[in-house]
Peer 1: 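Below is one structure. I have some questions about it.
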Amino acid sequence: MGIRVRFAPSPTGYLHIGGARTALYNYLFARHNNGKFILRIEDTDEVRSTKESVDAILKGMKFLGLDYDEGPFINKKGEIEEKGNFGPYFQTQRIFLYKDFVDKLLKEGKAYKCYCTVEELAKKRELSNLEKRPPKYDNHCRHLTHDQILNYEKEGRKPVIRFFNDGLGETKFNDIIKGEISFNNSLLDDFVIVKSSGIPIYNFAVVLDDALMEISHVIRGDDHVSNTPRQIMLYKAMGLKIPEFAHIPMILGGDGARLSKRHGATSVLAYKDMGYLSEALVNYLSLLGWSTSDSQQIFKFNELIEKFDLYRCNSSAAIFDNKKLDWMNGEYIRSKTKDEFFELAVIELEKSGLITREKAIEKKAELEKILSLEHEKVKHLTEIPELYDFMLLDEINYNEKDAEKVFKKDPVNTKKILVEINEEMKKIGNFSAENIEKLFREYSEKNNIKTSLIFHPVRVATSGRAKGPSLFHYMEILGKEKVMSRINKTLSKYFN
RNA sequence: GGCGCGUUGGUCCAUCUGGUUAAGACGCCACCCUCUCAAGGUGGAGACAACGGGUUCGAGCCCCGUACGCGCUACCA
C-alpha cells in the first residue's frame, strides 16, 4: 500500500534537464507522501550504455540533492555501491529474474520465438511503407511447425521472443496527469520482449522491474505514453499488479523542438559549471510543468515537498527559459548569508587564480567586506572573479572603452581634477567612505564642478572600469595608499 | 501513413466541479532611488484563451471537426 516511485534513466549520456525534472517530480511525490524514492539504471541498451554515464547521472542526482532510498550510489572510496532490498538496481544485473516469467509466457502461448532476421524485418517494413500500410509485424513466426523451427535452429538463427497480442479489445488507463487514455489493441503488433542476445527489451524489463520492485506510481516523460498499452498488456499477461501512471510533458528548447545540445547545455552538471545553484535549478524545474493556484515562484526545498502535487501538473510541453532561471539564480544567490556567499565565492575566486583558499580564510573578514560590495549583483557564480578582480589584484586592468569614454572627453580638466583630488585625499585622517564622500563633495562645491565629473574619472582611475560598486565604499576598503597610487598610475598612463 | 497527446500575452503558468475587468512570475518599457552598474520601489505595454462549429441563459473551461506541434510506430530507452 506504501508509495514507491522510481527514476529510471538509461546511462546513454549525462543527466539532462528533462531527466532531472522527472527525477525531481518523483522525488517530490515520494517525499510528500512519505513514500520511497528509488533510482534504477536501465542499461539494457548494451551498445550505448556506458559507465561514465552512470557516474554522471549519480553525480547529477547528488548535485541536485535528490537523495534516494534505494539504488546505486558512489561510496566514499569512489566505487559504485547499492542500497535497498529490491536490488539489483542495474537492469542488466536483473536478467536472471526475468527467466521464469519468459518461460511461463512461452508455455502459456502468450509469447513465442521469432526467427526472423533484422534484415528480413527491415525488408518487410520497407514494403509496407511503400504500400503505405502501417509497418506492423506480420506474425510470420506465430505458428511455426516443429520442422521449421529445427531448420532455423540448424541455420544458426538466434530467435527473439515476441509477445502474442490477440489484438482484441482496447487497453486503457487513467493517467494522473493526462486523464483517461485508450488504445485499440488491434493497432499494436506482436512486439519483441527479449532480444536475440537474451537481453530483454525495455518494455518488458520495465514492467518486470517495476512490478518486482513494487513500484506504486510510474512517473515518467510523456514520450512513454504510447508504450504504456504494451506494458499494460504485459502486466495483465503475467498477472502482475498494474501501477498508477503519471506522464509528465516534455521540455522543449526556445525553438519549440525537443531540448537538446543545440539549445546550449542540457546537462545538469554543465549548469553547475556555469554557476547555477542547485536550489535555483530545482526551484525552476519544479515550476516547469507544475504550479500552485497562487502562482508562488520561490520555494524553500521543504516547501516544495510540502506543496508539490502531481495532480496539479500541466499536461502540455514547456519551453525552457534561461532568462527566468537566471533571475531565480540571482534570487537564491542574494538570499545567501555572508558566510554562505563567502564559501561559494572562494571556490570561484580560487578557480580563477585570484586568491588561494588559505589566503581567503586568513583574510576572511576583509574578503567578506569586499564580497558584500557586489553580492546582490551576482547572477551566476562564475561572474564573481570578474566582479571583484580589481579589489584583489595589485595591478588593475583597464577597460579601454571605459577609459576612453571617461578620460578623453575633457582630458585637461579631468587631469586637473584627478591631480587635485588625489592631493586633497592626503588630508583625510580616517579614510572612511563617509569622509571620502564628504571631501569629494566639498571639493565639488568649492570648485564648482559637477560631482559626476569627479566621481566617474576617479572610479575608472581606481577600478579600471565605469561599472562597479558604490565608489566610496570600495575606496575605503582599498585604502588610501592603493587609491592614491592607482590614481597616479592612471595619470601617467592616460594623461601624459 | 496509423495511433496517442497537446495548443491561455515573447516565456512559465493561474482561473478548483462553465458566470473574473482572464490573475501572478520572468522578460520588455518608463519613472523613482542613485556616484556607475545592479538590486529595490512604482507604473505600463502585451492574450478577445490555435481556428471553425455546436451544447448552454452563459464556455478558455463540455462535445465534434480542422490546422499546427510533439511523441510512439526498432532485436533504443
Peer 1: If the C1' atom of B:G4 is compared with that of B:U11, how far apart are they to the nearest Å?
Peer 2: 27 Å
Peer 1: Could you tell me whether A:R220 contacts a base, only the sugar-phosphate backbone, or nothing, with contacts defined as non-hydrogen atoms closer than 4.0 Å?
Peer 2: nothing
Peer 1: Within the 4.5 Å heavy-atom criterion, are A:F472 and A:S432 side-chain neighbours or not?
Peer 2: no
Peer 1: For nucleotides B:C70 and B:C61, find the distance between their C1' atoms and express it as a whole number of Å.
Peer 2: 23 Å
Peer 1: Measure from NZ or CZ of A:R40 to the centre of the six-membered ring of A:F7, then state whether that distance is under 6.0 Å and the direction lies within 45° of the axis.
Peer 2: no
Peer 1: Using the test side chain to side chain contact (heavy atoms under 4.5 Å, CB included), find all partners of A:N227 that sit at least two apart in sequence or belong to another chain.
Peer 2: A:Y202, A:N203, A:H224, A:R230, A:Q231
Peer 1: Testing the basics here: between A:K405 and A:K409, what is the closest heavy-atom pair and its distance to 0.1 Å?
Peer 2: O-CB, 3.7 Å
Peer 1: A:D294 CG to B:U15 C1': how many Å, rounded?
Peer 2: 13 Å
Peer 1: For the pair made of CG in A:D326 and P in B:U11, what is the distance, rounded to whole Å?
Peer 2: 18 Å
Peer 1: I'd like to check the side-chain hydrogen bond (donor to acceptor under 3.5 Å, both in side chains) partners of A:S186; sequence neighbours left out, ordered by chain and number.
Peer 2: A:N184
Peer 1: Between B:A47 and B:U34, how many Å separate the two P atoms, rounded to a whole number?
Peer 2: 36 Å
Peer 1: In the 5'-to-3' direction, what one-character label does each nucleotide of nucleotides 39-50 of chain B receive under the scheme B = base within less than 4.0 Å of a protein heavy atom, S = sugar-phosphate only, - = no such atom?
Peer 2: SS----------
Peer 1: Just the rounded figure in Å: distance from P of B:U36 to CZ of A:F390.
Peer 2: 15 Å
Peer 1: Hey, does A:A466 reach any base, or is it just sugar-phosphate, or nothing, if we go heavy atoms under 4.0 Å?
Peer 2: base
Peer 1: Which part of the nucleic acid does A:G289 contact within heavy-atom distance under 4.0 Å: base, sugar-phosphate only, or nothing?
Peer 2: sugar-phosphate
Peer 1: Would you kindly compare A:F455 and A:S315 by the position of their nearest RNA chain B nucleotide and give the one closer to the 5′ end?
Peer 2: A:S315
Peer 1: Mind checking whether A:F320 and A:Y284 have ring centres under 6.0 Å apart?
Peer 2: yes
Peer 1: May I ask you to say whether A:R441 pairs ionically with A:E437, meaning some side-chain N is under 4.0 Å from a carboxylate O?
Peer 2: yes
Peer 1: Using a 4.0 Å heavy-atom cut-off across all strands, classify A:S452 as base, sugar-phosphate, or nothing.
Peer 2: nothing
Peer 1: Please report, rounded to the nearest Å, how far the P atom of B:G24 is from the CZ atom of A:F299.
Peer 2: 17 Å
Peer 1: Mind checking if A:P469 touches a base, just sugar-phosphate, or nothing, with heavy atoms under 4.0 Å?
Peer 2: base
Peer 1: What is the distance, to the nearest angstrom, from the CZ atom on A:F320 to the C1' atom on B:G27?
Peer 2: 15 Å
Peer 1: Nearest-nucleotide wise, let me know which of A:T451 and A:S293 is further upstream toward the 5' end of RNA chain B.
Peer 2: A:S293
Peer 1: Which listed nucleotide (B:G6, B:G27, B:U36) is nearest to the side chain of A:K467?
Peer 2: B:U36
Peer 1: For Watson-Crick and G-U wobble pairs within 3.5 Å on both distances, what is RNA chain B written in dot-bracket notation, | included for inter-strand pairing?
Peer 2: (((((((..(((......[....))).(((((.......))))).....(((((..]....))))))))))))....
Peer 1: Are the aromatic ring centres of A:F341 and A:H375 under 6.0 angstrom apart?
Peer 2: yes
Peer 1: Taking only N/O atoms, report every protein-nucleotides 72-77 of chain B pair under 3.5 Å with atom names and distance.
Peer 2:
{"residue": "B:C72", "atom": "O2'", "partner": "A:R230", "partner atom": "NH2", "Å": "3.1"}
{"residue": "B:A74", "atom": "OP2", "partner": "A:P135", "partner atom": "O", "Å": "3.3"}
{"residue": "B:C75", "atom": "OP1", "partner": "A:R125", "partner atom": "NH2", "Å": "3.4"}
{"residue": "B:C75", "atom": "O2", "partner": "A:S196", "partner atom": "N", "Å": "2.9"}
{"residue": "B:C75", "atom": "O2", "partner": "A:S196", "partner atom": "OG", "Å": "2.6"}
{"residue": "B:C75", "atom": "N3", "partner": "A:S196", "partner atom": "OG", "Å": "3.0"}
{"residue": "B:C75", "atom": "N4", "partner": "A:C116", "partner atom": "O", "Å": "3.2"}
{"residue": "B:C76", "atom": "OP2", "partner": "A:K195", "partner atom": "NZ", "Å": "3.1"}
{"residue": "B:C76", "atom": "O2'", "partner": "A:D45", "partner atom": "OD2", "Å": "2.3"}
{"residue": "B:C76", "atom": "O2'", "partner": "A:R48", "partner atom": "NH2", "Å": "3.3"}
{"residue": "B:C76", "atom": "O2", "partner": "A:R48", "partner atom": "NH2", "Å": "3.2"}
{"residue": "B:A77", "atom": "OP1", "partner": "A:T44", "partner atom": "O", "Å": "3.0"}
{"residue": "B:A77", "atom": "OP1", "partner": "A:T44", "partner atom": "OG1", "Å": "2.9"}
{"residue": "B:A77", "atom": "OP1", "partner": "A:D45", "partner atom": "N", "Å": "3.4"}
{"residue": "B:A77", "atom": "OP1", "partner": "A:K195", "partner atom": "NZ", "Å": "3.2"}
{"residue": "B:A77", "atom": "OP2", "partner": "A:Y202", "partner atom": "N", "Å": "3.0"}
{"residue": "B:A77", "atom": "O3'", "partner": "A:E42", "partner atom": "O", "Å": "3.2"}
{"residue": "B:A77", "atom": "O3'", "partner": "A:E42", "partner atom": "OE1", "Å": "3.3"}
{"residue": "B:A77", "atom": "O2'", "partner": "A:S10", "partner atom": "OG", "Å": "3.1"}
{"residue": "B:A77", "atom": "N6", "partner": "A:N227", "partner atom": "OD1", "Å": "3.3"}
{"residue": "B:A77", "atom": "N6", "partner": "A:N227", "partner atom": "ND2", "Å": "2.8"}
{"residue": "B:A77", "atom": "N1", "partner": "A:N227", "partner atom": "ND2", "Å": "3.1"}

Peer 1: Can you check the distance between B:A59 and B:A49, where both ends of the measurement are the C1' atom (answer in whole Å)?
Peer 2: 11 Å
Peer 1: Please work out if A:N314 contacts a base, only the sugar-phosphate, or nothing of the nucleic acid, heavy-atom cut-off 4.0 Å.
Peer 2: sugar-phosphate
Peer 1: Quick one: does A:R162's side chain get under 4.5 Å of A:F191's, heavy atoms only?
Peer 2: no
Peer 1: Which part of the nucleic acid, if any, lies within contact of A:L471, taking any heavy atom under 4.0 Å across all strands shown: a base, the sugar-phosphate backbone alone, or nothing?
Peer 2: base
Peer 1: With rounding to whole Å, what would you report as the distance between B:C62 and B:G46 at their C1' atoms?
Peer 2: 30 Å
Peer 1: For the pair made of OH in A:Y284 and P in B:A25, what is the distance, rounded to whole Å?
Peer 2: 16 Å
Peer 1: Quantified in whole Å, what is the C1' atom distance between nucleotide B:G69 and nucleotide B:A30?
Peer 2: 37 Å
Peer 1: Restricting to salt bridge (charged side-chain N to carboxylate O under 4.0 Å, His left out), what partner residues turn up for A:D389, sequence neighbours left out?
Peer 2: A:R465
Peer 1: Roughly, in whole Å, what's the span from CZ in A:F173 to P in B:G4?
Peer 2: 12 Å
Peer 1: Please determine whether a side-chain nitrogen or oxygen atom of A:R312 lies at a distance below 4.0 Å from atom OP1 or OP2 of B:U15.
Peer 2: yes
Peer 1: For residues A:F299 and A:W290, establish whether the separation of their ring centroids is below 6.0 Å.
Peer 2: yes
Peer 1: Taking atom P in both B:G43 and B:A23, what distance in whole Å separates the two?
Peer 2: 15 Å
Peer 1: Any side-chain N or O of A:S291 under 4.0 Å from OP1/OP2 of B:A14?
Peer 2: yes
Peer 1: For A:Y25, is the NZ or CZ atom of A:R21 found under 6.0 angstrom from the centre of its six-membered ring and inside 45 degrees of the ring axis?
Peer 2: yes
Peer 1: Using atom C1' of each nucleotide, how far apart are B:G19 and B:U42 to the nearest Å?
Peer 2: 33 Å
Peer 1: Starting the side chain at C-beta, find the nucleotide from B:A25, B:G4, B:G27 nearest to A:V225.
Peer 2: B:G4
Peer 1: Is any NZ, NE, NH1 or NH2 atom of the basic residue among A:E120 and A:R157 found under 4.0 Å from an Asp or Glu carboxylate oxygen of the other?
Peer 2: yes
Peer 1: Using the side-chain hydrogen bond (donor to acceptor under 3.5 Å, both in side chains) rule, take A:N329 and A:H380 through it: C-alpha gap first, then chi angles, then the decisive distance, then the call.
Peer 2: CA-CA 7 Å; A:N329 205 44; A:H380 305 92; 5.2 Å; no
Peer 1: From CZ of A:F472 over to P of B:C35, roughly how many Å is that when rounded to an integer?
Peer 2: 8 Å
